[in-house]
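The structure under discussion is supplied below as structure tokens; questions concerning it will follow.
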2 protein chains.
Amino acid sequence: MTRENWTIIRDTLSDDIRSGRLSAGDQLPTETQLADRFEIGRHSVRRALESLARDGKISIEQGRGTFVADAPRLTYQIGKRTRLHRNLIPQGLDVTSRLVSASRVSAPDEVAKALLLNSGAQVTKSQRITLANDLPVAFGCVYHCAERFPDFAERRDVLGSTTETYRSFGITDYVRQHTSIFSRAAKPEEAKTLKQHPDVPVLVVTAIDATPDGTPISTSRVIWSAARVNFTMEHSDG
Amino acid sequence: MTRENWTIIRDTLSDDIRSGRLSAGDQLPTETQLADRFEIGRHSVRRALESLARDGKISIEQGRGTFVADAPRLTYQIGKRTRLHRNLIPQGLDVTSRLVSASRVSAPDEVAKALLLNSGAQVTKSQRITLANDLPVAFGCVYHCAERFPDFAERRDVLGSTTETYRSFGITDYVRQHTSIFSRAAKPEEAKTLKQHPDVPVLVVTAIDATPDGTPISTSRVIWSAARVNFTMEHSDG
DNA sequence: GTTCATTTGTGCGTATGTATA
DNA sequence: TTATACATACGCACAAATGAA
């Protein structure tokens, strides 16, 4: 079994990145240059680059070039008290979360079920995107019961934190009740939103938050870049 | 922006599978036949098939052909009391777990740290593979302190369950203390072990189990097929 | 056990489209 | 507008794995 051509260049570049011969943000040679240097076809070069892009090691940008990725994989802790900012800021990342759109819709079946509402009840839908050091890492939407939280998205945008927003509705504490995670290929729009290569998969995280007595107050569905996140869970009470 | 060729065949086949026009286990036309039928090149066909394989919808086997996947995505519940069999049997899947190898090694740094042992302490390493309906879904290894659990792997193999094995060591209860999950591309051997297409990513799950008083008793590192699993977590105490 | 047809895997050359600066 | 660099696409050849004759 002889070594395949494309794995040679993949491993060479991968080593160059790990060892620091290529550092974050550096531009790689063009595909044609790599093909010439390694004396292989451009198809093989592209295959190697795709493989590296899928692992988040490089970023391929049409018309510009190929660059060593500069975003470290961030750790996101899921737990009973999942809080975005407490979670990500300690890693030295500049984390921001931006409201993309807010609307009022009749609840899709899964949402109604999660929030214990009648099928088709009115809910608010807030779409948000989360960036770490200006690079998107996740985006998705949160649903709230429209009757109880009529202007959740707007208040959240003004107050700057989910915890504060709930407080403004008289809810002093809330906990994560349920989380599910699975992996799938990214849709083209998702790859674009996350500014990642179309072949990088995404992790779909569905969650339900509730008040401490167990009443569900929100459900969310967030698409994470699989190459840029690492989930951890502590199963104690914290 | 016109539609790309390869996405047409991907979506056509994907629809055929969803609608039941192609059912589990069916053999797809050969790549050449598909290229002829859709009047596109074989490269585009292969690209579409790879995309479907990455999502676990089909299984591509060199020398045999391409088949509609017949394994449903299983749900694995992670929680304070994670138990393999209680977890997977209710889904109507025939779940088996087989010991691949057992050995005694000096603990790698991460293992020593997780088990609160001195660096280089002796630990037992059991490698196991888990199958659902005879198809591999995960494989990995569990480490135990060699002093406290000298023959864990062998006892586990005889007794048939982890819970029973711990009981034989005088431990009547244990809980999941910590879990972490991230996604990466599969290594070629991993793809082979999981009998999956080389481009399907894997989810790496690292965990620490402990007695209820918080003393760690084992740490594990399990590679899951990203296309065949869906993790869920309940954050209550159960 | 060997040979052979079948089917997927790897690889190269080439042409053209599209995004970026 | 132009040049550059990545994206899509086709055709062809040969390698490697499988299974049946």
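Source: prediction; values computed, not measured. Note on naming: letters A, B, ... go to the chains in the order of the sequence lines (proteins, then strands), and numbering restarts at 1 for each one. Quick note: numbers below take in every heavy atom, side chains included, and nothing from hydrogens, waters or symmetry partners.
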Euclidean distance, atom CG of residue Asp36(B) to atom P of dC12(D) [Å, nearest integer]: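 Roughly 12 Å, once rounded to whole Å.
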Using a 3.5 Å distance criterion without hydrogens, assess whether the side chain of Arg228(A) forms a donor-acceptor pair with backbone atoms of Leu194(A).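 Yes; judged by distance alone, with no hydrogens or angles, the pair exists.
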Whole-Å distance separating the NZ atom of Lys195(A) from the P atom of dA19(C):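 Distance check: Lys195(A) NZ to dA19(C) P gives 16 Å.
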For Ala107(A), side chain to side chain contact (heavy atoms under 4.5 Å, CB included) partners two or more places apart: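 Listed in chain order: Val111(A), Ala112(A), Val123(A).
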With sequence neighbours excluded, residues passing side chain to side chain contact (heavy atoms under 4.5 Å, CB included) with Ile129(A):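 Ile129(A) satisfies side chain to side chain contact (heavy atoms under 4.5 Å, CB included) with Arg98(A), Val100(A), Leu131(A), Pro136(A), Phe139(A), Thr193(A) only.
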Where along nucleotides 7-13 of chain C does protein come under 4.0 Å, by heavy atom, of base (B) or sugar-phosphate alone (S), with - for untouched nucleotides? BBBBBBB
Could you give the distance from CZ (Arg73(A)) to CZ (Arg184(B)), rounded to the nearest 0.5 Å?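 These two atoms lie 9.5 Å from each other.
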List the residues meeting salt bridge (Lys or Arg N to Asp or Glu O under 4.0 Å) with Arg42(A), not counting sequence neighbours, and say none if there are none.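 Expected list: Glu31(A).
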Mind telling me whether Phe231(B) and Trp224(B) have parallel, tilted or perpendicular rings, with 30° and 60° as the class edges?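 Geometry flag for Phe231(B) against Trp224(B): perpendicular rings.
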Run the side-chain donor-acceptor check on residues 50-67 of chain B: report pairs under 3.5 Å with partners two or more places apart or on a different chain.
from     : atom 1 : to        : atom 2 : distance (Å)
Arg54(B) : NH2    : Asp199(A) : OD1    : 3.1
Asp55(B) : OD1    : Ala185(A) : N      : 2.8
Lys57(B) : NZ     : Ser14(B)  : OG     : 3.4
Ser59(B) : OG     : Glu61(B)  : OE2    : 3.0
Glu61(B) : OE1    : Arg64(B)  : NE     : 2.9
Glu61(B) : OE1    : Arg64(B)  : NH2    : 3.1

Atom pair OG1 (Thr219(A)) and NE2 (His178(A)), whose distance is rounded to the nearest 0.5 Å: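 That separation rounds to 8.5 Å.
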DNA chain C contacts among residues 51-58 of chain A, heavy-atom distance under 4.0 Å: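 Result for residues 51-58 of chain A: none.
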